[in-house]
Amino acid sequence: MNAPQPQVIKMYAAREEIYPRETKGRYANIRWLCVWLTQLAFYGLAWLSWNGRQALLFDLAARKFYIFGLVLWPQDFIYLAALLIISAYLLFLATAMAGRVWCGFACPQTVYTEMFLWIERKIEGKRSARMALDKQGPSAAKYLKKTAKHLAWGALALWTGFTFVGYFTPIKTLAHEVQTLNFGPWEWFWVLFYSFATYGNAGWMREQVCKYMCPYARFQSSMFDRDTLIITYDGKRGEPRGARRRDEEANAKLGSCIDCTMCVQVCPTGIDIREGLQYECIGCAACIDACNDVMDKVGQPRGLIRYSTDHAMAENYTTAQIRAHALRPRVLIYTAILGLIVAAVCTALWFRMPLKLDVIRDRGTLGREVEDGMIENVYRLQIMNTTEQPHTYRITVKGLATLTQLTGDTVKVAATETLAYPIRLRTAHGVGQKGSNKIDIELVSIDDPSLHVREHAVFFVPR
């Protein structure tokens, strides 16, 4: 009796090239609509002007974030953190309801892969032509097509990197620097880095990013349950699969699947959806469009591959029942938390005062006696005008009798600027207790009284 042969387990498998076939249909149209909407927003918003400046600009050098009519400073970082939390909960909610719908339709990796594939098809041809071209030996025609494709990929990647940096350096300034070849070292680095990342991810690695690099593919199952909409193959209807023959009796014993493998050929990650849910599936629904097209040709009803749930497949739910089961505790909890966070952020932004004041004492002299027996304290007012209009503010101080201000009682602060303004306060000797005395310093805009802020401070009387 022969001894069993040892099993060899490979820890690494070389990547096999995937040639996704182009699909047409409802979900392909939705996917391309997402491509257009996301890229019009990405490439267009950088050029949109608002109040004489770029509408969306994250000016790290000046430590100011411009988001249309809103100007955020480092002190307002909580709003950006809240935006990330809202985005995360939106992703959790979408995943709980419809699986990896974000991955399949709006993820940047999917969007740019679609764009790069479109360029590849226009230059090298359809799936069969691309496969034949790669199998060909060296030739001038092959090198010409490959060169043209990579030049087009590189141009798109460079434009993408340029636009990305344009959200951190004003894009019109960046365009002028390109014309004069006056890029700074960090601008060169980030344009080339983001361009290389786009070129490599969308042009070369493609499904490898989704399968091995993206962490979302690994923990997505924790947000799935049996009522999550996923792309499913109806095995009860499709099996046993097989090609149709002229023998009607033999055909009657077969399921609806004709084993054409079109669902595999159109899959951007190269999986067979008929083998069940797999973490590699990005939920792009290309297999649904391909299968529906085949079902139309063979005279079978659509929906052999469709969006459904495990419960629906097992219990034969109707569409109305699937919708009813969608409103389950997990979805309701995600929705409630998301609604509360959005409401809290909107309320905070609505009541946000676009004027900030910090009172800093002169620590060199806590309090000193000056002429006529007066007690003097010196402060520095750090005034931050976060609006996009200049304002003149009146300074008032309260808290001690005979408290007077020797410096001017008005100060003008330019738009979106921070001003350090020194003031000297005096009070008569004997007023107030020895040591610290609480006072209030208030700023009120002369041209807009709704802009006002009050800060507490301490007036020190020597012992």
Side-chain angles (χ1 to χ4, degrees), residues 27 30-31 33-35 37-39 41-42 58 65 67 72 76-114 201 207-232 267-269 271 273 276-288 306-314 317 319-349:
Y27 295 105
I30 295 175
R31 194 161 54 254
L33 176 63
C34 290
V35 171
L37 291 177
T38 55
Q39 298 317 294
F42 175 71
F58 303 99
F65 291 173
I67 305 174
L72 298 179
D76 300 314
F77 186 78
I78 185 66
Y79 296 111
L80 296 178
L83 180 61
L84 293 177
I85 294 173
I86 290 171
S87 300
Y89 268 99
L90 278 173
L91 183 60
F92 297 161
L93 178 60
T95 303
M97 295 189 66
R100 293 182 69 178
V101 65
W102 159 260
C103 294
F105 292 90
C107 174
Q109 177 64 21
T110 297
V111 167
Y112 283 104
T113 298
E114 286 285 342
N201 290 348
E207 79 286 347
Q208 303 292 300
V209 175
C210 301
K211 292 166 67 174
Y212 304 117
M213 297 174 63
C214 178
Y216 183 45
R218 300 295 176 175
F219 69 79
Q220 60 162 333
S221 59
S222 64
M223 290 177 279
F224 282 20
D225 57 29
R226 297 197 66 193
D227 288 308
T228 298
L229 275 175
I230 55 176
I231 296 176
T232 56
C267 180
T269 58
I271 65 170
I273 195 61
L277 179 64
Q278 299 151 68
Y279 82 89
E280 296 94 341
C281 176
I282 62 172
C284 67
C287 53
I288 297 180
R306 62 184 183 272
Y307 270 111
S308 188
T309 68
D310 284 344
H311 266 151
M313 297 297 289
Y317 286 168
T319 302
Q321 289 176 309
I322 293 176
R323 291 174 180 171
H325 281 77
L327 298 177
R328 55 200 188 276
R330 175 181 298 200
V331 172
L332 295 177
I333 290 172
Y334 283 153
T335 304
I337 294 175
L338 181 62
L340 288 173
I341 295 174
V342 170
V345 172
C346 291
T347 302
L349 285 173

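These values consider heavy atoms only, across backbone and side chains, with no hydrogens, waters or symmetry-generated copies.
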Taking the side chain as every heavy atom from C-beta outward, state whether Ile341 and Tyr89 have any atom pair closer than 4.5 Å. yes
With a 4.5 Å limit on heavy-atom distance, are the side chains of Ile67 and Tyr79 in contact? no
Do Tyr307 and Ile230 come within less than 4.5 Å of each other through their side chains, counting heavy atoms only? no
Do the side chain of Ser87 and the main chain of Leu83 share a donor and acceptor less than 3.5 angstrom apart? yes
Side chain to side chain, Ile86 and Leu338, heavy atoms closer than 4.5 Å: yes
Sub-4.5 Å side-chain heavy-atom contact between Cys267 and Ile273: no
Begin with the C-alpha distance, continue with both residues' side-chain angles, and end with the deciding distance and a verdict on side chain to side chain contact (heavy atoms under 4.5 Å, CB included) for Thr95 and Leu91. CA-CA 6 Å; Thr95 303; Leu91 183 60; 4.2 Å; yes
State, to 0.1 Å, how close Tyr279 and Lys211 come at their nearest heavy-atom pair, and which atoms those are. CE1-O, 3.3 Å
Would you confirm whether Thr110, through its side chain, and Cys103, through its main-chain N or O, come within 3.5 Å as a donor-acceptor pair? yes
Of all heavy-atom pairs linking Cys284 and Phe105, the shortest is O-CZ, 3.6 Å
Closest approach of Arg226 and Thr309, non-hydrogen atoms and distance? O-CB, 3.4 Å
Using side-chain heavy atoms (C-beta onward) and a distance below 4.5 Å, is Cys287 in contact with Ile231? yes
Hits for side chain to side chain contact (heavy atoms under 4.5 Å, CB included) against Ile78, two or more places apart or cross-chain, chain-then-number order -> none
Just how far is it from atom CG of Leu349 to atom CG of Leu72, taken to the nearest 0.5 Å? 7.5 Å
Please tell me if the side chains of Leu229 and Val101 come closer than 4.5 Å, counting only heavy atoms from C-beta onward. no
Distance col, row Phe92:CZ vs Ile337:CD1, nearest 0.5 angstrom, shows 10.0 Å
What is the distance from atom NE2 of His311 to atom NE2 of His325, rounded to the nearest 0.5 Å? 7.0 Å
Quick one: do Ile322 and Ser308 satisfy side chain to side chain contact (heavy atoms under 4.5 Å, CB included)? Show the steps, please. CA-CA 8 Å; Ile322 293 176; Ser308 188; 4.2 Å; yes
Is there a side chain to side chain contact (heavy atoms under 4.5 Å, CB included) between Met313 and Arg306? Walk through the geometry before answering. CA-CA 11 Å; Met313 297 297 289; Arg306 62 184 183 272; 3.4 Å; yes
Quick one: closest heavy-atom pair of Ile282 and Pro268, and the distance? CD1-CG, 3.9 Å
Among residues at least two apart in sequence or on other chains, which ones pass salt bridge (Lys or Arg N to Asp or Glu O under 4.0 Å) with Arg328? Asp225
Whether the side chain of Gln109 engages the backbone of Cys210 through a donor-acceptor N/O pair (distance < 3.5 Å, no angle test) should be reported. no
Could you tell me how the ring of Tyr112 sits relative to the ring of Phe42: parallel (under 30°), tilted (30 to 60°) or perpendicular (over 60°)? perpendicular
Between atom OH of Tyr317 and atom CZ of Arg323, what is the distance when rounded to the nearest 0.5 Å? 16.0 Å
Quick check: do Ile30 and Tyr27 have side-chain heavy atoms less than 4.5 Å from each other? yes
Grab the two heavy atoms, one from Thr335 and one from Val331, that are nearest each other, plus how far apart they are. OG1-O, 2.7 Å
Tyr334 to Met223 - nearest heavy-atom pair and separation: OH-CG, 4.1 Å
